[in-house]
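Just so it is clear: chains get the letters A, B, ... in the order the sequence lines come, proteins before strands, and each one is counted from 1.
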There are 2 protein chains.
Amino acid sequence: MAIEINKNLFRKIEQLVGNQSDAAILSLLGDEHHADIAEILDELDLDEATYIIKLLDSEKTSDVLMDLDEDTRERVLKNLSAKEIAEEIGELDTDDAADIIGELSEARQERVISEIEDDEHKADIQELLTYDEDSAGGLMAKELVKVNENWTLTRCVKEMRAQAEEVTRVHSIYVVNDDEQLIGRLSLKDLLIAPPKGNITKIYIPKVDSVNVHEEAEEVAKIMQKYDLEAIPVVDDNMILLGRITIDDIVDLMKEEAEEDYLLAAGVSQDVEADDSIWDLTKARLPWLVLGLFGGLGSVFIMEGYEEIMSDDRYRHLFFFTPLIAAMAGNVGVQSSAIIVQGLANDIVKGSLFSRLLKEIGLSLINGFILGILVIIFGFITNMGINFSLTIAISMMSVIIVAALIGTFVPIILDKRGIDPAIATGPFITTSNDIFGIFLFFYIAKIMLGF
Amino acid sequence: MAIEINKNLFRKIEQLVGNQSDAAILSLLGDEHHADIAEILDELDLDEATYIIKLLDSEKTSDVLMDLDEDTRERVLKNLSAKEIAEEIGELDTDDAADIIGELSEARQERVISEIEDDEHKADIQELLTYDEDSAGGLMAKELVKVNENWTLTRCVKEMRAQAEEVTRVHSIYVVNDDEQLIGRLSLKDLLIAPPKGNITKIYIPKVDSVNVHEEAEEVAKIMQKYDLEAIPVVDDNMILLGRITIDDIVDLMKEEAEEDYLLAAGVSQDVEADDSIWDLTKARLPWLVLGLFGGLGSVFIMEGYEEIMSDDRYRHLFFFTPLIAAMAGNVGVQSSAIIVQGLANDIVKGSLFSRLLKEIGLSLINGFILGILVIIFGFITNMGINFSLTIAISMMSVIIVAALIGTFVPIILDKRGIDPAIATGPFITTSNDIFGIFLFFYIAKIMLGF
């Protein structure tokens, strides 16, 4: 598709930077896409990356900066002066500019902002910085094309030409009234196929989706996805048009959220990557392992209560089954919670709690029954004695039912209380199910075998 | 934003359908967005849903059909005749039309296709059906706006007006040569701000990203995401322009893939939802539970080898720690594999295998050391004896290192062999780590305690 990114290229660039062969670097990278250059810079040393950023023209490097890994960007920005950052920012759309400034320390933010030359751009960025990062305001850009409902088509095209030069992509033209309130939209296509003479009032579409500036980012993503929108205008409480959100930002948001959920379910908090430092990885992983450790130590206490049956060779084989019981409790719980968490995210968990209860019990009975039969077959093959096999099978089935209920209802309860249910999948459910499972297993075995 | 979807609405619609109050249904739903109507129909009985589909105008219902849940759509389509389906298909873009036809049985596909009236539309759909579902060809639509490089701007605008009427959204205008080969693009914006007189050759951009029709869908998603594209043209091996892929289809694809990976990591295969039937849910969950069961039974065998130490009250407490060891092995393995799977998906797992090995060992040593200290503190509080505590701590640390290595390298090896590494996270890693963990735990304890 574009430049081939491999070890040879890195070696070549390192050499060129070492020799300060500016012309050769420019001819090698100058025409490449900013996303490719960013991918290359992510792999280079900080000094080399900074050298190239300073060498290339700021129209290109501003986009490269946006595409860098957050860690690399942070380090590169530390190497640039406030004035140099302000120059890059000047080339960016307001939403990207605000994102980059938002990553700086507060003192640095002020210095960079004061260095921005274009006053309108500066004011727009300052406005965007006031919104919550996870809201529509935090996602939107101020760049858009808007026309007044009272304009003629000729004036409209003329004004749009001027506005469009500053907007990277024109999806829709927004129509506002004299109070700057959003009242409709006009697509470029409509304009293209409309008769050249006429008035905006006649051809604009009065029905336009919009979101409030304080709407949650996740909700905006859902709306744009549901209605297949490529851009959505953002308004304040009085329907005054403030900005617009484009689908590329939503795509990035969706990807980030999917990755976070995936890692969280595996017991890795924070958005870490395989190439992060050992320290960052430890911070993300250790807390969940400590939770698991406490859970395991809890099981130790439960089993200590049954130490005496270890002397009795009719019963002591029960202890061989504890990892099996813990594994089943954990697996079933994680399955149930993953399905529910996904359902909650897609708003498809409907119907009463009672019917969901019945469904989970039914499902667990089927799974538990089949797995129980397998245990009994195993017992038959290994001469376990039918009483003992039955005890294992029945207590395992009970554990499966309870594990499924915990896996189902913990996320639902968290969700009802406004806590992200995704946190409940993974280690949290595994750990609590381990303890409950082992407790229940010995308790039922005790009743059935009568020790 | 739009109609409020709640129980009252469902009750009202059921009543209206029961009374066959067509006018009232039309006035209630006729102006609503197809995505909202689909959400409503997903909740109604099949007969009610079919009644409404037949009542509404096919320009609307074709889009509604696309937005329905796959299960609902399958059932609704069974209730429609081949001719009725062909009418809906006639209103859809070719990519959506091909997707719907692709879901029908082969005999039915032929009947529906033969009922499509527009010959060009029919030929386009038939072409699309020949491509693999998971390739660029399976994602693309035939609808696009293209102009010949030799046209004047005036002719271009005229031709585009005609073409644009059939294209839902115009992102780019593709420029082809006389052989229909893609040679560049033109944005509507460029056309808008270009001087009215002139020639296409002067204003078109010769650099245009494109994908081959046989490229994997996942790769197309990566490219569009990396370069922030809203549409990408699809070409054959001779660069002849065949169609285009738009970002809304990529958004849907990304969402589906993220959901599948999430569920797979939790031991749920196939794309099931909380509201699917018990039978579908069992099929998706049971195989992984059986795998877990076999793993657990494997641990039983390992522990049977140590049955004799149950009579010795210096050692038998080791058995209390098996769920703890299994949990740590499982948790660490799942963490490592999730991070690697995510890294592989993002192409950020670079560097040599040896440096990754060192990193995982380093990370495990830190985590294992801290967790080991906690175990020793626990042992001190519960009077376990320092020798015993140290044994647990050191064997747990070894288990953590081995579990991390398995979690890291199994996905890397699968990936190198062209197998989706996502399958290795979750139950597969948990189960194998349980067995290895328990084996290693007793083996090291045996050496350290000398039984």
Side-chain angles (χ1 to χ4, degrees), chain A residues 35 161 164 170 188-189 192-193 225-228 230 247-248 251 254 258-259 262-263 266-268 273-275 278 281-282 285-286 289 292-293 296-297 299-300 303 310 316 319-320 322-324 326-328 331 334-335 338-340 342-343 348-349 362-363 366-367 371 374 378 427 434 438, chain B residues 35 161 164 170 188-189 192-193 225-228 230 247-248 251 254 258-259 262-263 266-268 273-275 278 281-282 285-286 289 292-293 296-297 299-300 303 310 316 319-320 322-324 326-328 331 334-335 338-340 342-343 348-349 362-363 366-367 371 374 378 427 434 438:
Chain A
R161 276 193 192 154
V170 180
L188 277 186
K189 192 187 111 187
L192 198 73
I193 59 181
Q225 217 174 308
K226 178 171 176 188
Y227 298 110
D228 279 348
E230 284 165 352
I247 189 73
D248 54 320
V251 167
M254 281 173 61
E259 289 183 352
Y262 186 82
L263 290 177
V268 182
E273 287 179 344
D275 283 9
I278 288 193
L281 287 166
T282 304
R285 295 171 63 161
L286 189 59
L289 295 179
L293 183 78
L297 295 177
S299 308
V300 172
M303 282 186 273
M310 279 196 167
R316 67 183 176 202
F319 282 94
F320 300 159
T322 51
L324 169 66
M328 296 318 275
N331 287 353
V334 167
Q335 285 182 334
I339 291 175
I340 284 294
Q342 197 100 97
I348 58 162
V349 178
L363 191 62
I366 296 176
N367 282 335
L371 295 167
L374 290 176
F378 173 83
D434 276 7
I438 301 250
Chain B
R161 276 194 192 154
V170 180
L188 277 186
K189 194 187 108 187
L192 198 74
I193 59 181
Q225 215 174 309
K226 178 172 175 187
Y227 298 109
D228 279 349
E230 283 164 354
I247 189 73
D248 53 320
V251 167
M254 280 173 59
E259 288 183 354
Y262 186 81
L263 289 177
V268 182
E273 286 181 346
D275 283 10
I278 288 193
L281 287 166
T282 304
R285 294 171 62 162
L286 190 58
L289 295 178
L293 183 77
L297 294 177
S299 309
V300 172
M303 281 185 275
M310 278 197 168
R316 67 183 177 203
F319 282 94
F320 300 159
T322 52
L324 169 67
M328 297 317 278
N331 287 352
V334 167
Q335 285 182 334
I339 291 176
I340 284 295
Q342 197 99 97
I348 57 163
V349 178
L363 191 62
I366 296 176
N367 282 334
L371 295 167
L374 291 175
F378 173 84
D434 276 7
I438 302 250

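Contact tally against chain A (heavy-atom pairs below 4.5 Å) for M254(B), M328(B), E259(B): the top residue is E259(B). When each of L293(A), V251(A), L263(A) is scored by its heavy-atom pairs under 4.5 Å with chain B, the top score falls to L293(A). The greatest number of non-hydrogen atom pairs below 4.5 Å with chain A, out of L374(B), I438(B), L297(B), is found for L297(B). With chain A as partner, the option from I247(B), D248(B), L363(B) having the largest number of non-hydrogen pairs under 4.5 angstrom is L363(B). In terms of heavy-atom pairs under 4.5 angstrom with chain A, the leader among L371(B), T322(B), N331(B), V334(B) is L371(B).
For the residue pair M310(B) and F320(A), the shortest heavy atom distance occurs at CE-CE2, 3.7 Å. Across all non-hydrogen atoms, the minimal contact from L324(A) to G292(B) is CD1-O, 4.2 Å. Across all their heavy atoms, A327(B) and D434(A) have their closest contact at CB-OD2, 3.7 Å.
For the pair Q335(A) (side chain) and V268(B) (backbone), a donor-acceptor distance under 3.5 Å is absent.
Put simply, the side chain of R316(A) does not reach to within 4.5 Å of the side chain of F319(B), judged on heavy atoms.
Y262(A) pairs by the ring-ring contact (aromatic ring centres under 6.0 Å, His included) definition with nothing, not counting sequence neighbours.
For chain B, the nearby parts of L281(A) are the backbone and the side chain; heavy atoms of each come within less than 4.5 Å. The contact between F378(A) and chain B is made entirely by side chain atoms (from C-beta outward), counting heavy-atom distances below 4.5 Å. Contacts between N367(A) and chain B at a heavy-atom distance below 4.5 Å involve backbone atoms as well as side-chain atoms. Heavy-atom distances place both the backbone and the side chain of L286(A) under 4.5 Å from chain B. In this structure, the portion of I366(B) lying under 4.5 Å from any heavy atom of chain A is its side chain and not its backbone. Using a 4.5 Å cut-off between heavy atoms, D228(B) contacts chain A through both its backbone and its side chain.
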